[in-house]
*Asks:* 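Questions regarding the structure given below will be posed in turn.
The basis for the numbers below is simple: all heavy atoms, side chains too, and nothing from hydrogens, waters or symmetry mates. Quantities reported herein were computed from a predicted structural model and do not represent experimental measurements. Every chain is numbered from 1, with letters handed out A, B, ... down the list of sequences.
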Amino acid sequence: MREVLTVLSDMLRKGEITSQELTEKYISAVEEVNPQINAYVHTTFDFAREGAKKADEMLKAGNAGALCGIPMALKDNICSDGHLTTCCSKILRGFRPYYDSTVWSKLKSEGAVMLGKANMDEFAMGSTSESSCYGAPLNPRNTSHVTGGSSGGGAAAVCANIAAYSLGSDTGGSIRQPASYCGVVGLKPTYGAVSRYGLIAYGSSLDQIGPITNSVKDAALVFDAIRGVDENDDTSVDYNYGGPSANALTGDIKGLKIGVAEEYFDGINPEIKDAVMDAVKLYEKNGAEIINVRLPILKEAMPVYYIIACAEASSNLGRYDGIRYGYRADNYEDIDDMIYCTRSEGFGREVKHRIILGTYVLSSGYYDAYYKKACILRNNIIKRFDDIFNTCDVLIAPNAPTTAPKLGHHGASAVEMYLSDICTVPVNITGIPGISVPCGTDKAGLPIGMQILGKRFGENTILNAAYFYEKTAVSPVKEYEGGVRI
Amino acid sequence: MKYEMVCGMETHIELATKTKIFCGCTTEFGGAPNTHCCPVCTGQPGSLPILNRRVVEYAVRAGLAVNCKINNNSHMDRKNYVYPDLPKAYQISQFDEPICEHGYIELDSGKRIGITRIHIEEDAGKLVHEQGTTYIDYNRGGVPLIEIVSEPDISTPEEAREYAEKLQLIMRYVGISDCKMQEGSMRCDVNLSLRPVGTTEFGTRTETKNINSLSNIVKAMNREIERQEDILESGGHIVQATMRYDANTDEIYPMRTKENSDDYRYFPDPDILRFTIPQEFVDETKANLPELPSAKLRRYIDDMKLPESTARDIYKYRRVSEFLDDTVKKGANVKNTANLIIGGIYSTLETEEDKERFDIKITPEKMAGLVKLIDDKKINKNKGQETLMKMLESGDDVTKFIKAEDTAGMSDEDLAKICEAAVAANPDAVENVRNGRDKAINVIFGYVMRETRGKADMGKVNKIIRGLIG
């Protein structure tokens, strides 16, 4: 694994390369590689050049942070002032927010250089990024396969070395799963660790922004830069991590208590199961303690997730009516018809599915049977995970039942795609952090990822466990040969 | 058949916080369209609300002032509906955990109108129709509101009016809103149904929305009672509907009928954490509530012995009553102060709003300075009134207009001498009085007042003069 951010930061600070030079390299690489993988949906090269210039000044002044001058990508649902931010939906066509999200504002002040917005499932609803109105991004490992989703474009861009890192959002696995499909690292932080202000909402109680990177160290560096309480987000938390998470990476896992729940492995492709269990053995061999835990409640996670996420989405997406911004239907009779036509034409199929589902579960007469019950179950799941983390430091699990499927594989079967989220949604339901790290490839050479989960605000523990694996395992995934090579 | 009315009211009151309920934008009324706005109050994608603590504090104050129980745990809900003035397609409101519950307001008759609940929520923007086009102004969007829901305890239009008036005054007293119905900072919706006298089952009700003055509450309800009576008398059924009262034509008509009940799909807003209102805070707020209108009125009448009409004229304007109280605290006599306010200050404040605002140039200290001269009989009431008008104009202290020597104690001897001179100087008047034209004595009084520059005690003067004339 390549610690790209550490390397680039060193080069920039030593003056071996300027941010402007580095940015031009990335811009050329985007122009060359992106047409093959459709990772970026909007590019902001002029803005990147301006940013690089500022970053060079900061570097020269000697007060530059770890991410200063380094080119990156934002998912297309993270707002930046004046730049297209469209959630890869026709309904937000042409939408340019007039304010910065908190995460981008933090990165910008550190001298980050934004190359553009990355492809995703429409409104982050999907597991393959195929519901993007700009067409799916393609997996750089094998372009007939999907990148995963919903942060598929960001994972593809990092994998293909056309972004040094990217920020994604994870509502039910949207950072971790594409990271695993593309063979990169994805961190879904604790709910509340990173401000959601400026993240266009899908499921507000589940959404969390996090980094997609080439290495665990990189993930820690980006997490350090974006985390923290925010006066603009009531759900953000003032948690004291006791210093940068990047400094907490020792690789020492002696005595680490690792929980393994067999329920996580039900229906999982044997190749994936083997790869993850091999990793568990590696931990054990190096002094970790393996504890078998039971998680029968896991089977409830999928319906709970889809009820809560869709309920919140149906409300969050009500505002797209064509009145103030974005797409508006051309032909309509009156205001009600305008809203009706705009939404009918502007939203894609998957988004409509979820709005209808969410509206249904909140309707009077159904609320108690669905939404309320889901909230009760959610609390039960949280309790069960709390219990587990009383005895275990981390849980290890697969990321997805399969490696990246072929494009179009899920076809019309939404339920089949929903089921592929089984391994990732519990993290969002419970608000705990999870990291996905590559742990091998299948026979076809497609990457396999494993998840390491921790208790709330246990990022340092899971990052360190992942760091150990990355240092110790024999390079589980090959490097992509293209883009900007360091 | 004889019918009786069953009525409950929903009252929306805009809170007088400086900033909006979920962002830092100003709540000021007016302003060029869409200038008091930000990403949060226009519902821009990605923006998030932060609950203004002041709004919760104001709601607690409102609740305590109308005898509510305050819930120590509360949260915000989303009320989902589509309307162009609602930029998120949901209103952040409260559904099943309102801040206040189970209160009441007592009418003058002693009857209590129950208050079911008070909750906080955000106001919507405003549609502006101009030349065939509709524009939206979001300045009002996100202005904090409380909604006060009454029990269906109101039995007559006059009770409704009194309830609204009392509510308005109480909320003004506790300082949470200016409650201006014309400007929409207080808006009343009336739920009204009829049933045959002696029955207990509720009839089908209608909701008359956004009535914009106290007197229109009575008018709108009378129209609605007539309308419903006509329908019932002719054997028809009342259709559940939202009604609109047009004050210009004094007509009431349905805006929309509700065939299906609205489904707002309420659910807890995941963007705003549950919050607690500590009991210590509630207790402290209760202890710090100002004197409420009913208590003040009782005090004016029972303790201060003001005539009831005078007491009412003062207590119905919060700032006036505070001015009176402060003036009295500085040692002025309450009756003299009240009379000067009603007879003097009110003459310079033309409208109800002027009185409500009570924007005058003199302080209670200055007022007390003047009133005490009257109390001590150093000047008479007319002189006092005259001086008050000058003070109101310039804002100056009473000493600017009445010099120390003017009020320096005048001996009875001196006064007798002046009276003698007055009688001597007006033989015609003396003659007239003696011949029974008593009014002529005013000429002599006038002479004394001129000579003494208004500081003579008219009681004494009267006695002396009548003694001289015999």
Side-chain angles (χ1 to χ4, degrees), chain A residues 77-79 85-87 92 95 97-102 123 192 195-201 203-207 230-237 308 311-312 314-321 323-326 335-336 338-340 343 358-367 371-372 375, chain B residues 21-24 34 37-53 75-93 95-96 125 127 129 133-138 141 256 260-275:
Chain A
N77 60 356
I78 299 175
C79 292
T85 307
T86 67
C87 290
L92 275 173
F95 176 63
Y98 65 90
Y99 72 101
D100 280 329
S101 54
T102 298
F123 281 100
S195 168
R196 292 184 296 119
Y197 189 74
L199 168 67
I200 300 182
S204 309
S205 74
L206 305 157
D207 294 342
D230 178 13
E231 59 175 16
N232 290 318
D233 178 1
D234 195 33
T235 61
S236 68
V237 177
I308 290 174
E312 292 176 359
S314 72
S315 174
N316 285 330
L317 272 62
R319 73 189 68 194
Y320 305 107
D321 53 15
I323 292 175
R324 291 161 298 274
Y325 43 74
I335 178 78
D336 291 338
M338 192 269 268
I339 296 172
Y340 179 87
R343 289 171 68 81
T359 305
Y360 179 81
V361 299
L362 287 177
S363 296
S364 70
Y366 300 98
Y367 183 92
Y371 182 77
K372 200 172 166 191
C375 291
Chain B
I21 183 167
F22 300 121
C23 63
N34 296 310
C37 293
C38 75
V40 177
C41 57
T42 57
Q44 295 294 310
S47 66
L48 294 171
I50 297 289
L51 179 59
N52 181 346
R53 288 177 58 102
H75 74 271
M76 305 305 297
D77 292 290
R78 292 186 183 181
K79 179 181 182 180
N80 296 283
Y81 67 93
V82 175
Y83 203 69
D85 65 6
L86 190 70
K88 300 187 294 294
Y90 58 82
Q91 179 192 32
I92 304 178
S93 179
F95 180 55
D96 54 357
L127 299 188
H129 304 281
T133 308
T134 301
Y135 300 90
I136 313 173
D137 178 3
Y138 289 107
R256 62 190 173 104
N260 310 311
S261 64
D262 289 320
D263 186 354
Y264 291 119
R265 289 176 283 118
Y266 280 102
F267 74 105
D269 191 332
D271 290 330
I272 302 170
L273 299 177
R274 290 180 59 81
F275 53 94

*Asks:* Can you tell which part of D271(B) gets under 4.5 Å to a heavy atom of chain A, answering side chain, backbone, both or neither?
*Replies:* both
*Asks:* Is the backbone N or O of S315(A) less than 3.5 Å from a side-chain atom of R78(B), with the two atoms forming a donor-acceptor pair by type?
*Replies:* no
*Asks:* Any side-chain heavy-atom pair from I339(A) and V82(B) closer than 4.5 angstrom?
*Replies:*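 Yes, side chains in contact.
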*Asks:* Not counting sequence neighbours, which residues clear side chain to side chain donor-acceptor pair (under 3.5 Å) with D85(B)? List them please.
*Replies:*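 In terms of side chain to side chain donor-acceptor pair (under 3.5 Å), with neighbours along the sequence ignored, D85(B) is linked to no residue.
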*Asks:* Are the side chains of P39(B) and Y197(A) in contact, using a 4.5 Å heavy-atom criterion?
*Replies:* yes
*Asks:* For S47(B), give me all partners under side chain to side chain donor-acceptor pair (under 3.5 Å), at least two apart in sequence or on another chain.
*Replies:* none
*Asks:* Can you tell which part of T85(A) gets under 4.5 Å to a heavy atom of chain B, answering side chain, backbone, both or neither?
*Replies:* neither
*Asks:* Is it true that atom OH of Y98(A) has more than 12 heavy atoms of other residues, nucleotides or ligands lying nearer than 6.0 Å?
*Replies:*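 More than 12 within 6.0 Å, yes.
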*Asks:* In terms of heavy-atom proximity below 4.5 Å to chain A, should T42(B) be classed as side chain, backbone, both, or neither?
*Replies:* both
*Asks:* Under a 4.5 Å heavy-atom cut-off, does chain B meet the side chain of L199(A), its backbone, both or neither?
*Replies:*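 Contact with chain B: backbone only.
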*Asks:* Hey, which of N77(A), L92(A), N316(A) has the most heavy atom pairs under 4.5 Å with chain B?
*Replies:* N316(A)
*Asks:* Taking all atoms of both residues into account, what is the closest heavy-atom pair of P84(B) and I335(A), and its distance?
*Replies:*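 Closest pair (atom of P84(B), atom of I335(A), distance): CG-CG1, 3.8 Å.
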*Asks:* Please state whether the side chain, the backbone, both or neither of F267(B) comes within less than 4.5 Å of a heavy atom of chain A.
*Replies:*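 Interface part for F267(B): both.
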*Asks:* Please state whether the side chain, the backbone, both or neither of L273(B) comes within less than 4.5 Å of a heavy atom of chain A.
*Replies:* both
*Asks:* Rounded to the nearest 0.5 Å, what separation is found between the OH atom of Y83(B) and the CD1 atom of I323(A)?
*Replies:* 10.0 Å
*Asks:* Is it the backbone or the side chain of L51(B) that comes under 4.5 Å from a heavy atom of chain A, or both, or neither?
*Replies:*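 No part of it gets close to chain A.
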*Asks:* Answer whether the closest heavy-atom distance between the side chains of I50(B) and E231(A) falls below 4.5 Å.
*Replies:* no
*Asks:* Counting only non-hydrogen atoms closer than 4.5 Å, does D233(A) touch chain B with its backbone (N, CA, C, O), its side chain (CB onward), both, or neither?
*Replies:*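 Both parts, backbone and side chain.
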*Asks:* Taking the side chain as every heavy atom from C-beta outward, state whether P268(B) and Y371(A) have any pair of such atoms under 4.5 Å apart.
*Replies:*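 Yes; the side chains approach each other to less than 4.5 Å.
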*Asks:* Side chain, backbone, both or neither: which part of S101(A) has an atom under 4.5 Å from a heavy atom of chain B?
*Replies:*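 It is neither, since no heavy atom gets under 4.5 Å.
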*Asks:* Enter the distance from D234(A):CG to L48(B):CG here, rounded to the nearest 0.5 Å.
*Replies:*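 D234(A) atom CG to L48(B) atom CG measures 9.0 Å (nearest 0.5 Å).
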*Asks:* Count the heavy atoms belonging to other residues, nucleotides or ligands that lie under 6.0 Å from CZ of R53(B), then report whether that count exceeds 12.
*Replies:* no
*Asks:* Does S363(A) offer a backbone N or O that forms a donor-acceptor pair with the side chain of D263(B) under 3.5 Å?
*Replies:*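 It does not hold such a pair.
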*Asks:* For Y266(B), is the OH atom crowded, meaning more than 12 foreign heavy atoms sit under 6.0 Å from it?
*Replies:*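 Counting other residues, nucleotides and ligands, OH of Y266(B) exceeds 12 neighbours.
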*Asks:* Would you indicate whether the side-chain heavy atoms of Q44(B) and C79(A) approach each other to under 4.5 Å?
*Replies:*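 Answer no - side chains too far apart.
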*Asks:* Would you mind telling me which of C38(B), P87(B), C23(B) has the largest number of heavy-atom pairs within less than 4.5 Å of chain A?
*Replies:* P87(B)
*Asks:* Kindly give the heavy-atom pair with the smallest separation between Y99(A) and P45(B), and that separation in Å.
*Replies:* OH-O, 2.7 Å
*Asks:* Need one label for D336(A): side chain, backbone, both or neither, based on atoms under 4.5 Å from any heavy atom in chain B.
*Replies:* neither
*Asks:* Check each atom of Y320(A) against the heavy atoms of chain B and say whether the ones under 4.5 Å are side chain, backbone, both or neither.
*Replies:* side chain
